[in-house]
Trainee: 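What follows is a single structure, and I will ask about it in a moment.
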Amino acid sequence: MAVAICMVVLLFQYIPVLRASAATEGAIKSGVTGLYFRETPGGTPIKDSNGNTIYLSGGQTLTIQDTSNSSWYKVSLTYNGTTYTGYVSSSYVVAGETPTPSTPSGDADFEASLSAQGFPDSYKPYLRAIHEKYPNWKFRAVQTGVDWNTLLANEVSKSGQVKNLIYGTSSYPHYNWRSTTVGYNAATDTWSSYDGKTWFAASDELVAYYLDPRTYLYENYVFAFESLSYQQDVQNETGVEAILKGTFMYQTIPSGESKTYAQIIMDAAAQSGVSPYHIASRIKLEMGSTIGTACSGTNSSYPGIYNFYNIGAYNSPNGNAAVKGLQWAAGSGSYGRPWNTVSKSIIGGAQFLGASYIGVGQNTLYTQKFNVTNKSSLFSHQYMANIQSPATECLTNYNAYYNNNLLNSSMLFEIPVYSSMPSQAVSKPADSGNPNNWLKTLSIQGYGLTPSYAVNNTTDYSLIVSGSVDQISITATPVNQNARVSGAGTICLSEGTNVISLVVTAQSGATRTYNLTVVRGTATNNPTTPSADGRKGDLNGDGKITALDIVKIQRLIVGLDTLNGDVLAIADVNGDGKVTALDIVKIQRHIVGLETIQ
C-alpha cells in the first residue's frame, strides 16, 4: 500500500511541470524599446554575462515555451549571441511572427550603400534590422586590409603576448573564459594574474568572440562602433549626468572647482573634440562608482594629483597600476600636466584621447581596444586590457542616448571589415566551469607504465603483461575535483593487444582522452614489420611514433620478438648499435616534444 501511495504522490508532483502549450516562434512587437526580460513573472530583470541588464526591443525573435500564465510568457531567446530563458509581459509578444531582416530591405539606397562599401553578406542581416528601426543611423564600412587570421594571431594570448584580460573572482571565476595556453599550470590548476589578483589572460575563444564585429551588431552594442567625435546637436550635459548617475560624480561639484563634473566634461569635449558621452563613460569605467586612489588627490606618493582615465596605469601582478598612472599624471609637459586639479585631469585626459587615439584613426571604442586602423602601431597602442571593455562601455553610451530620447538622431557607426572572416558570427564560449581535464594520477596496480605518468601533454602509455594475466586494475584521479573520469577500474584483457581509453570530462564539458596500450602475451594487429629504410622509432610501421612503438622495443629487449638487421636499423634510435632502455627514453622525449627523431 505504501508503494502505491508513493506512486500517486510522484505523479501528482509531476503534473505542474508539463507545458501548457507547445513551443511557438514569436517576436517582440514592433516599436517596443527598453522592455525588461525577467527571471520570473514580474521578477528580477535578467542580466547578460557582462552583468548588464537585458533590454528587449521590437523585432527581437524568441521561442514561446509556456503561455499558461496569460500575463507573463516564458520564452527563450538569443541576445548578443547568447541564449537566455526567462519571462516577458505577454502584451508585448506577437506569436507566430518571425521577422526576416536577412532579406533585402525595401530601402534601395540603403541596400546599395551596403554593397558599395563592401559590407560582407554576413553583416547585412544585423544592419538591416537596426536600419529598419533607426533609419537616421549611418553605417560606414572600414576596410582595414587586415586578414582575420592575422588579427587573431596578434591578439590571442601566448608567451610574451598578453593583451586581453578577463576579470575573475571567487564568486564569478569565469574559468572557461581564461586562457589555458599561457599563465596556466594544469598540474596545480592555477592561473597567473596579470593585473592585481583578479585579471587573467583571456582564452583564444573569448578573444575571437569579442574581435568579431558581428558580436556588436545589435541596436545597443553597435555603439562600440559609434564615432567618438563631439556632436553638439545630440550630446549635452543632461546626457552626461545620466551616465554619471550612481557614481560620486553625479550632480556634484568636486573640491576646489566651481563647476560640476558634468560641466567640466562638457568643457573637455569642446576643447578636445571628443564625445562628452565617451569621456563620461570612460571615466566611469576607469574610476567606478566611489572615489579611489586615482581620483581622490590624497595618494601619499602623489598628493594633489589626479588621473581620471588611468592613463599610464599599466598592468602588473602587484596591482599598483593606479599609482603608476598618478606618476604619469604628475609629470610635466603634454596635455596640461601635471594634473593637480580635477578639471586639468579631465580636460587633459580628453585631449590625450583626442590626439593619441581618436585623431589617429582609433575613433571608436572597438578600435581603441583592438587597433586595426592606426597603421603606425597596428595591433598595439591599445587603450585598455579588459577584453569586455567595448561591450560594457558602449551600453553606457547607448543608455545616455536612450534616457534622453536621442536614439532617433543622426549618428555614424564605423564598422571594421576583415578578409577571410568566418562565414558566420563567432559564438560566445560558454561560461560553464573549470576546463581542467587532466589526470593527476594514473597507475596500474602491480605494474609500471611506459612512460611513467606525469601531468604533461603525453596521453599514450603502454604496458606488457604475461599471457596468464586476464585483468588489470586502473586507478585514475583528475587534477580538478569537479572533473569526471570514465574507463578506470578493473579491466578484463584479451590475448594480444588491448587499447583502453580513459576519458576525463572537465566541469566545463571539455574532454581529454588517455590511451593505455596493454599487451597480454603476444601483440596482435600490428600494422607491419618495419623495413631497414623506414623511419627510426616507428617499430610498428604505422607512420607515427607512439606508445605502441615503445611496446615493440620493450618486447625486443625482453626477447619476446626477434631482433634482425632490419628491425635493429629502426629500433636503435640513439645509434649506439644496440636496442636498450636508452632507445625507449629517446622515443619518450620525442612523444612529449622534448626532442625530434629524424
Side-chain angles (χ1 to χ4, degrees), residues 438-439 441-472 474 476 487-488 491-504 511-598:
W438 300 75
L439 285 178
T441 65
L442 174 61
S443 61
I444 313 297
Q445 185 176 353
Y447 298 93
L449 290 172
T450 301
S452 298
Y453 183 74
V455 183
N456 54 37
N457 288 324
T458 302
T459 55
D460 292 320
Y461 297 87
S462 62
L463 174 67
I464 299 175
V465 299
S466 71
S468 62
V469 177
D470 60 359
Q471 64 181 31
I472 56 173
I474 303 175
I491 306 297
C492 295
L493 300 177
S494 302
E495 290 284 350
T497 302
N498 300 261
V499 179
I500 303 164
S501 294
L502 290 84
V503 179
V504 185
T511 61
R512 180 181 300 272
T513 301
Y514 293 82
N515 294 310
L516 175 61
T517 301
V518 182
V519 176
R520 177 187 174 191
T522 303
T524 57
N525 299 321
N526 292 324
T528 62
T529 299
S531 62
D533 59 354
R535 180 186 182 187
K536 278 190 177 294
D538 182 17
L539 272 292
N540 69 349
D542 65 354
K544 300 176 289 185
I545 299 176
T546 66
L548 293 175
D549 300 300
I550 294 177
V551 172
K552 295 284 286 185
I553 290 184
Q554 289 173 327
R555 292 180 61 83
L556 290 171
I557 292 173
V558 300
L560 293 176
D561 289 341
T562 302
L563 178 64
N564 57 37
D566 287 349
V567 174
L568 177 62
I570 303 301
D572 180 19
V573 180
N574 70 346
D576 65 356
K578 300 174 289 185
V579 179
T580 67
L582 294 177
D583 299 301
I584 293 177
V585 172
K586 294 281 285 186
I587 291 179
Q588 290 173 339
R589 290 177 62 82
H590 172 89
I591 291 174
V592 300
L594 294 177
E595 61 180 86
T596 300
I597 297 174
Q598 301 297 334

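Just so it is clear, the values below take in all heavy atoms, side chains as well, and ignore hydrogens, waters and symmetry mates.
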Trainee: Taking side chain as C-beta onward, heavy atoms only, is Ser501 less than 4.5 Å from Tyr514?
Mentor: no

Trainee: Could you point out which residue of Val518, Ile444, Val519 forms a side chain to side chain contact (heavy atoms under 4.5 Å, CB included) with Val465?
Mentor: Val518

Trainee: How long is the gap from CZ on Arg520 to OG on Ser466, to the nearest 0.5 Å?
Mentor: 8.0 Å

Trainee: Locate the shortest heavy-atom distance separating Ala581 from Ile557; write the atom from each residue and the value.
Mentor: N-CD1, 3.8 Å

Trainee: Closest approach of Leu582 and Asn574, non-hydrogen atoms and distance?
Mentor: CB-ND2, 3.6 Å

Trainee: Is there side-chain contact between Tyr447 and Val469, with heavy atoms separated by less than 4.5 Å?
Mentor: yes

Trainee: Are any of the side-chain heavy atoms of Lys536 and Ile545 separated by less than 4.5 Å?
Mentor: no

Trainee: Would you say Thr517 and Thr497 make side-chain contact, with heavy atoms under 4.5 Å?
Mentor: yes

Trainee: At what distance, to the nearest 0.5 angstrom, does CG of Leu439 lie from OG1 of Thr441?
Mentor: 7.0 Å

Trainee: Just so I know, are the side chains of Asp470 and Leu493 near enough to count as touching, which here means a heavy-atom distance under 4.5 Å?
Mentor: no

Trainee: State, to 0.1 Å, how close Gln554 and Ser462 come at their nearest heavy-atom pair, and which atoms those are.
Mentor: OE1-OG, 4.0 Å

Trainee: For the atom pair CH2 (Trp438) and CG (Asn456), what is the distance rounded to the nearest 0.5 Å?
Mentor: 7.0 Å

Trainee: Within the structure provided, determine whether Ile474 and Leu442 are in side-chain contact (heavy-atom separation under 4.5 Å).
Mentor: yes

Trainee: Checking the side chain of Asp572 only, and the main-chain atoms of Leu568 only, is there a donor and an acceptor separated by less than 3.5 Å?
Mentor: no

Trainee: Taking all non-hydrogen atoms of both residues, which atom of Leu556 and which atom of Ala571 are closest, and how far apart?
Mentor: CD1-CB, 3.9 Å

Trainee: Taking all non-hydrogen atoms of both residues, which atom of Ile597 and which atom of Arg535 are closest, and how far apart?
Mentor: O-NH2, 3.3 Å

Trainee: Looking at Thr546, Leu548, Asp549, which one forms a side chain to side chain contact (heavy atoms under 4.5 Å, CB included) with Asp538?
Mentor: Asp549

Trainee: Decide yes or no for Val567 and Val579: does some side-chain heavy atom of the first lie under 4.5 Å from some side-chain heavy atom of the second?
Mentor: no

Trainee: Do Thr596 and His590 make a side-chain contact, defined as non-hydrogen atoms from C-beta onward lying under 4.5 Å apart?
Mentor: yes

Trainee: State, to 0.1 Å, how close Ile500 and Gly487 come at their nearest heavy-atom pair, and which atoms those are.
Mentor: CG2-O, 4.2 Å

Trainee: Output the distance between atom CD (Gln588) and atom CD (Glu595), rounded to the nearest 0.5 Å.
Mentor: 10.5 Å

Trainee: How long is the straight-line distance from CG of Leu516 back to CD1 of Ile472, given to the nearest 0.5 Å?
Mentor: 5.5 Å

Trainee: Drop me the distance from Asp460's CG to Lys544's NZ, to the nearest 0.5 angstrom.
Mentor: 8.5 Å

